[in-house]
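Atoms within a ligand are numbered from 1 in the order they appear, just like the ligands themselves. Positions are given from 1, in the same order as the sequence printed here. These numbers come from a predicted model, not from an experiment.
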Amino acid sequence: MFKLRDQLKKLFLSFTISFVAVSGLSLTGINSGFAQSSQKKVLPVVKNLRLGVHDAKTRIVMDLEGPISYKYFFLANPYRLVLDMLEVDFDLNPVLRKSTGGVLGYRFGLLKPGISRVVIDLSKPLLVDKHFIIKPGSKPQSRLVIDLVPTTRIQFLAYLKKSRNQKALELPKLNSLEQKHQRAQEFQKKSPQQKIRKSKRIVIDPGHGGVDPGAIGLQGSYEKKIVLMAAKSIEKILVKSGRYEVILTRKSDRFIPLRKRVAIARRAQADLFISLHADSIKNGAVRGATVYTLSENASDREAAQLAERENKSDLIAGIDLNAESQEVTDILIDLVQRETMNQSAVFAGAVVQEITKKIKTHRRPHKFAGFAVLKALDIPSILLEMGYLSNIEDETLLNTETFQKKLGLAILLGLDRYFFEGQSFKY
Ligand code: ZN
């Protein structure tokens, strides 16, 4: 397998145009387009995903501008086909117009620096019959074709088991600037000075990202984009006060598994963790911000459903939960967490007091539910739903700088109330 990885690496880095023999890899479906110069940062484009049904076969076709390298795998419960590629740009419709041939829908976006992902939801067990790239003749575009054929659940699961043992087939790790930057930051954090730091360290976690878009608003706003904008705006306000250091779990449109978000906060030895969201619910009349804290039992049905949806982020992004630890999916709360939970509730109270003065809040602004992302053992954590993308007024508001500034100031006041009760500052 190592040999193979080396071979792939060479392939990706070389300037040669080649189709290397990959016939032995059909099990996990690695294929490679022609390698490209790594000096130019012009990404290949994947566009026009379309579906066709021929007899029992379902054909997925995507147009490609530029060379791509891809691999695919399947996941069960629910059935999904996951297609990973060296980073590309997407020019695809955000939603599938009509489910066809067992394909219910798809999502796409950055999984991590250097790797893009398409997750295709399937209504039934399907496996790949053939997959290939039609090389461009005189036309500038090439085409990726994947033919799916129906199978039984038993055969599907057997395939999964077999292909899981082939995990060594990984796309080469890219040394992106972002990764280097992160590593440098982590290194700094490990320095001994951190014990005597005066400012408080806040981790702000913009929810979703990359292949997981989160909610999509009535006017087409993406939750993943809104929360990232808000996070950056809040960061600015907190840092300017001089009392807070801020670490964002993501700074770009990329996917971060829930478990990793928690890990970032723990590794940073954060004093507080704030996860930002802007969800969508059935009742379009409901609006306003809500602060959530972790609890085994949800405060109401709406909160329970919300937590259930948010906890599906990894599922949405096509992460193989069978191969992950159960840490995230199991949210039973242990004793160490109880004290943290009390602190989280105190912090939530402080934030609620301040945001109700500054922005529109839900009629019940503090709720509880079993959010996996709030499961950091020893860091007080809240999840802030800034508003609802299912409400047009909220959606419009969430996109404005004024709202984001007000929210940032409210959070600053909430943090000051929590950490520096009784002291007064200029705002
Ligand atoms: Zn969300």
Could you give me a count of protein N/O/S atoms that are under 2.8 Å from the Zn ion (ligand 1)?
5
Do the numbers put K224 on top of the ring of Y222, so that NZ or CZ is under 6.0 Å from the six-membered ring centre and no more than 45° off the axis?
yes
Any side-chain donor near an acceptor of the partner, D84 and S116, under 3.5 Å:
no
Would you mind writing out the side-chain donor-acceptor pairs for residues 280-287 within the sub-3.5 Å range, not counting sequence neighbours?
| residue | atom | partner | partner atom | Å |
| --- | --- | --- | --- | --- |
| N283 | OD1 | A285 | N | 3.0 |
| R287 | NE | D394 | OD1 | 2.9 |
| R287 | NH1 | E393 | OE2 | 3.3 |
| R287 | NH2 | D394 | OD1 | 3.1 |

Those residues that, when tested against Y244, pass ring pair (Phe, Tyr, Trp, His ring centres under 6.0 Å) (two or more places apart):
none
Mind checking what makes salt bridge (charged side-chain N to carboxylate O under 4.0 Å, His left out) contact with K232, not counting sequence neighbours?
none
Taking the side chain as every heavy atom from C-beta outward, state whether Y418 and V346 have any pair of such atoms under 4.5 Å apart.
yes
